[in-house]
Amino acid sequence: MKTADHKSGHHQSFLAPAEQRLVRAIISELPESVTPLQLTRIGLFGALVAAVALVGCRWSALWMPMIPLGVFLNWFGAALDGPLALHRQTANPRLGLVEHTYDLFSQILIIVAFGLSPFLSIESAFIVLICYLLFSAYTYIRAIARHVQQMAYIGLGATEFRILMVIWPFAAHAMGIDETVDAGVSRLDAAIMILAAFAIAGLVIKALSDARRVAVDENGQGV
């Protein structure tokens, strides 16, 4: 389930402790009629709202207030569905699979929508998407191989990523950034490429470190 990271503070994001307290408070007030699957669907709906708003910003800035609303709904559904299932003791692998799948497609949808918005070129959006998928894939591989769900890297997790999704459109609009104008590789594109290179290099180093640790563990067991 997506809540496995609650058990390991070592792998939490900066906002995880406060977020977990908020999630527990909300869950305690939710009526019995609200189910984890309904929350999962709310999360996907929020992603759709954010995606439509991002694309709509190509023609009008009036769509911008819909972006934080959509991202908030996405967070609300994705952050509460797993914990609610655990709280009610209705968690099961099939429900966890649905939650993870919906969450994955939600983030892909929003990232691609950024590439169709004025705030990010499609090339930069695909670079961000590749990084997101690489980190997500390694998170799942690590969970299977080492039974550790690291939901954050250098203190940055899904919630911090969503906050950035909300802030960037308004910051880009204030700076007059319009990536729909075809002018080759922009400074923003170059900056994202450099950040992506550092992120992937960090992931490679992390993977090699984990591989060495697994090898040491295996050798120790074989002695």
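Worth knowing before you read on, the calculation uses all heavy atoms, side chains too, and leaves out hydrogens, waters and symmetry mates.
Phe45 CZ: 12 or fewer foreign heavy atoms inside a 6.0 Å radius.
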Could you go through residues 24-36 and list every donor-acceptor pair under 3.5 Å that involves a side-chain atom there, pairing it with any protein atom two or more places apart or in another chain?
{"unit_1": "Ser28", "atom_1": "OG", "unit_2": "Ala25", "atom_2": "O", "d": "2.6"}
{"unit_1": "Thr35", "atom_1": "OG1", "unit_2": "Gln38", "atom_2": "N", "d": "3.2"}

For residues 193-205, which side-chain donor-acceptor pairs fall under 3.5 Å, sequence neighbours excluded?
none

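In the hydrophobic clustering, Phe105 connects to no other residue, as no ILVMFWY side-chain heavy atoms lie under 4.5 Å from its own. In the hydrophobic clustering (ILVMFWY side chains linked at under 4.5 Å, chained through shared members), Leu109 is joined by Leu48. Through direct or indirect side-chain contacts shorter than 4.5 Å among Ile, Leu, Val, Met, Phe, Trp and Tyr, Leu62 is connected to no other residue.
Not counting sequence neighbours, the partners of Trp75 by the side chain to side chain donor-acceptor pair (under 3.5 Å) test are Glu19. The side-chain contact (heavy atoms from CB on, under 4.5 Å) search around Ala61 returns Met64, His173, not counting sequence neighbours. Annotation: side-chain contact (heavy atoms from CB on, under 4.5 Å) contacts of Val166 (sequence neighbours excluded): Pro68, Val71. Partners of Ser124 according to the side chain to side chain donor-acceptor pair (under 3.5 Å) rule, which considers only residues two or more places apart in sequence or in another chain, are Ser121, Asp189. Residues meeting the side-chain contact (heavy atoms from CB on, under 4.5 Å) test with Leu164, sequence neighbours left out: none. Checked against side-chain contact (heavy atoms from CB on, under 4.5 Å), Leu44 has the following partners two or more places apart in sequence or in another chain: Tyr102, Ser106. Taking the side chain to side chain donor-acceptor pair (under 3.5 Å) definition, one finds that Thr180 meets it with Asp178, sequence neighbours left out.
The closest side-chain heavy-atom distance from Asp103 to Asp81 is not below 4.5 Å. Proximity of Thr90 to Leu84: side-chain heavy atoms (C-beta onward) are nowhere separated by under 4.5 Å.
Closest approach of Met165 and Ile110 over heavy atoms only: SD-CG2, 3.6 Å. Scanning all heavy atoms of the two residues, the minimum distance from Trp63 to Cys57 falls at CB-SG, 3.8 Å. Glu179 and Phe119 get closest at one heavy-atom pair: CG-C, 4.0 Å. What you find for Val23 and Ala79 is that their closest heavy atoms are CG1-O, 3.9 Å. Taking all atoms of both residues into account, the shortest heavy-atom contact from Leu73 to Gly46 is CB-CA, 3.6 Å. Leu54 and Ser117 make their closest contact through O-CB, 3.2 Å (heavy atoms, listed as atom of the first residue, atom of the second, distance).
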side-chain contact (heavy atoms from CB on, under 4.5 Å) between Phe72 and Val49, intermediate numbers included: CA-CA 10 Å; Phe72 170 77; Val49 171; over 6 Å; no
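Distance CH2/Trp168 to CZ/Phe114: 9.5 Å, rounded to 0.5 Å.
Cluster annotation: Val98 and Ile42 are assigned to distinct hydrophobic clusters (Ile/Leu/Val/Met/Phe/Trp/Tyr, side-chain heavy-atom contacts under 4.5 Å, transitive). Transitive grouping of hydrophobic side chains (ILVMFWY, heavy atoms separated by less than 4.5 Å) brings Tyr138 and Leu134 into a common cluster.
Here the rule is side chain to side chain contact (heavy atoms under 4.5 Å, CB included) with Leu120, and of Ile177, Ile127, Ile111, Leu188 only Leu188 fits it.
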